[in-house]
2 protein chains.
Amino acid sequence: MSSIGRYEQMLREAELRVTRPRLAVLEAVHRHPHADTDSLLNAVRGDLPEVSHQAVYDSLNTLTAAGLLRRIQPRGTVARYESRVGDNHHHVVCRGCGVIADVDCAVGHTPCLTAADDHGFVIDEAEVIYWGTCPTCSMARA
Amino acid sequence: MSSIGRYEQMLREAELRVTRPRLAVLEAVHRHPHADTDSLLNAVRGDLPEVSHQAVYDSLNTLTAAGLLRRIQPRGTVARYESRVGDNHHHVVCRGCGVIADVDCAVGHTPCLTAADDHGFVIDEAEVIYWGTCPTCSMARA
DNA sequence: GAGTTTTCTTGACTCTTTCAAGATTACGGA
DNA sequence: TCCGTAATCTTGAAAGAGTCAAGAAAACTC
């Protein structure tokens with residue numbers, strides 16, 4: 001099945017209407033993981049030059065709410081999106097250049113999901129962000 | 001030693017100038033953990049009615065950079081600050097009302113600091129945010 | 001106490017994101 | 001295939017958090 005066909009199916013399974021902006025947004029996020037909204041808007045306009053920025057914002061929010069995309073937003077950065085959902089992976093962010101990479105957690109399947117004292121909270125997700133320096137920035141500094 | 005005396009000492013040890021806005025910001029964050037910038041601005045103006053919002057932003061940034069405060073910013077919220085630094089604790093955020101509580105990580109001293117595949121990054125911090133529902137919101141929902 | 005440097009005040013401004021109203025499009029059923 | 005309804009998109013404005021810049025004030029050094 002074509003990519004577009006897969007995206008269409010994903011939308012239908014989520015009971016969302018299939019629209020050109022949404023397909024283009026899905027395509028853009030799949031092709032540019034960890035991209036910010038502005039980059040995605042540009043990417044989407046490669047397919048649909050006339051799309052409004054509002055449609056992209058709406059689509060990103062809708063698709064995120066439906067679980068088709070995941071929003072990540074390390075402190076101090078704008079929102080970024082990725083298409084890898086449902087596998088509980090985490091991210092490492094470079095303090096130098098801001099680049100983001102995926103990491104699987106060392107601890108296992110639902111890492112750290114047990115807090116020492118949960119204060120009575122019902123916890124359903126543990127989000128881990130590793131901060132550090134990427135190879136390129138390490139090299140440049142040395 | 002008075003609180004103010006302690007804060008003054010903290011500033012000097014960090015090689016920062018001791019100014020009234022900074023003392024008031026330290027005091028405000030110690031008294032209102034997890035408060036956002038706007039609440040802190042109001043709290044600071046309880047002591048220093050004429051302080052500018054810029055001074056509060058500057059102080060928060062400076063104190064955070066110096067390691068005297070810690071900035072936390074779960075996705076979708078504005079920046080919040082706390083005075084508990086250096087002990088690698090984490091946070092649980094309520095999806096319902098947004099309240100934040102401190103948690104110590106179950107895994108040990110430097111939880112999750114070892115990613116399964118670090119992509120060559122030099123990792124220096126692992127930030128964990130637990131998402132869930134607080135007791136009050138759980139109660140209200142039932 | 002004087003000089004130097006940092007910090008604060010003031011006010012405007014940027015950037016990301018959201019709101020609102022009307023036009024358009026997608027989908028279910030005839 | 002066409003219609004009606006409801007969701008979605010376009011357009012344009014605006015809100016909110018945070019930053020920039022220039023001059024005034026305060027803190028520290030000697």
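Below, all heavy atoms of this structure are taken into account, side chains as well, without hydrogens, waters or symmetry copies. On a predicted model such as this, the values are computed, not experimentally measured, just so you know. Below, chain A is the first sequence line, B the second, and so on; all start at residue 1.
The hydrophobic cluster analysis finds B:M139 isolated: no Ile, Leu, Val, Met, Phe, Trp or Tyr side chain comes under 4.5 Å of it, directly or through other members. Other members of the cluster containing A:V78 do not exist, because no ILVMFWY side chain is joined to it at under 4.5 Å. Side-chain heavy-atom separations under 4.5 angstrom define the hydrophobic clusters, and A:V85 shares its cluster with no other residue. Within the hydrophobic cluster formed by Ile, Leu, Val, Met, Phe, Trp and Tyr side chains joined at under 4.5 Å, directly or through other members, B:I100 is accompanied by B:I72, B:V93, B:I129, B:W131.
A:L11 places its CG atom 12 Å from the P atom of C:dA26, with the value rounded to the nearest Å. Atom CD of B:E50 and atom C1' of C:dC8 are 13 Å apart (whole Å). Going from atom CZ of A:R45 over to atom P of D:dC9 covers 14 Å, rounded to whole Å. In this structure, A:L23 places its CG atom 12 Å from C1' of C:dA26, rounding to the nearest Å. For the pair A:R22 CZ and C:dT25 P, the computed distance is 15 Å after rounding to whole Å. Between B:L48 atom CG and C:dT9 atom C1' the separation is 13 Å, expressed in whole Å.
Relative to the side chain of A:A79, the nucleotides C:dC8, D:dG18, C:dT17 differ in distance, and C:dT17 lies closest. Nearest to the side chain of A:H53, among C:dT18, C:dT9, D:dC9, sits C:dT18. Residue B:Y57 places its side chain closer to D:dT19 than to any other of D:dT10, D:dT19, C:dC8.
With sequence neighbours excluded, the residues that form a side chain to side chain donor-acceptor pair (under 3.5 Å) with B:R95 are A:D124, A:E125. A:N42 is linked by a side chain to side chain donor-acceptor pair (under 3.5 Å) to nothing, counting only residues two or more places apart in sequence or in another chain. Annotation: side chain to side chain donor-acceptor pair (under 3.5 Å) contacts of B:H91 (sequence neighbours excluded): B:E82, B:H89, B:D102. Taking A:E13 as the reference, A:Q9 meet the side chain to side chain donor-acceptor pair (under 3.5 Å) condition, with sequence neighbours excluded.
A heavy-atom distance below 4.0 Å to DNA chain C is reached by none of the residues of residues 65-76 of chain A. Near-neighbour residues of DNA chain C inside residues 25-43 of chain B, defined by a heavy atom below 4.0 Å, are absent.
Among residue pairs with one or both ends in residues 19-34 of chain B, those qualifying as salt bridge (charged side-chain N to carboxylate O under 4.0 Å, His left out) are B:E27-B:R31; sequence neighbours excluded.
Residues A:T64 and A:N61 bring no donor and acceptor atom of their side chains to less than 3.5 Å of each other.
Counting only distance, with no hydrogens or angles, the side chain of A:S59 and the backbone of A:A55 share a donor-acceptor pair below 3.5 Å.
Remark: A:N61 is not in phosphate contact with C:dT17, judged by side-chain N or O atoms under 4.0 Å from OP1 or OP2.
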Counting primed atoms, P, OP1 and OP2 as sugar-phosphate and everything else as base, the B/S/- map of nucleotides 22-30 of chain D against protein heavy atoms under 4.0 Å is ----BBS--
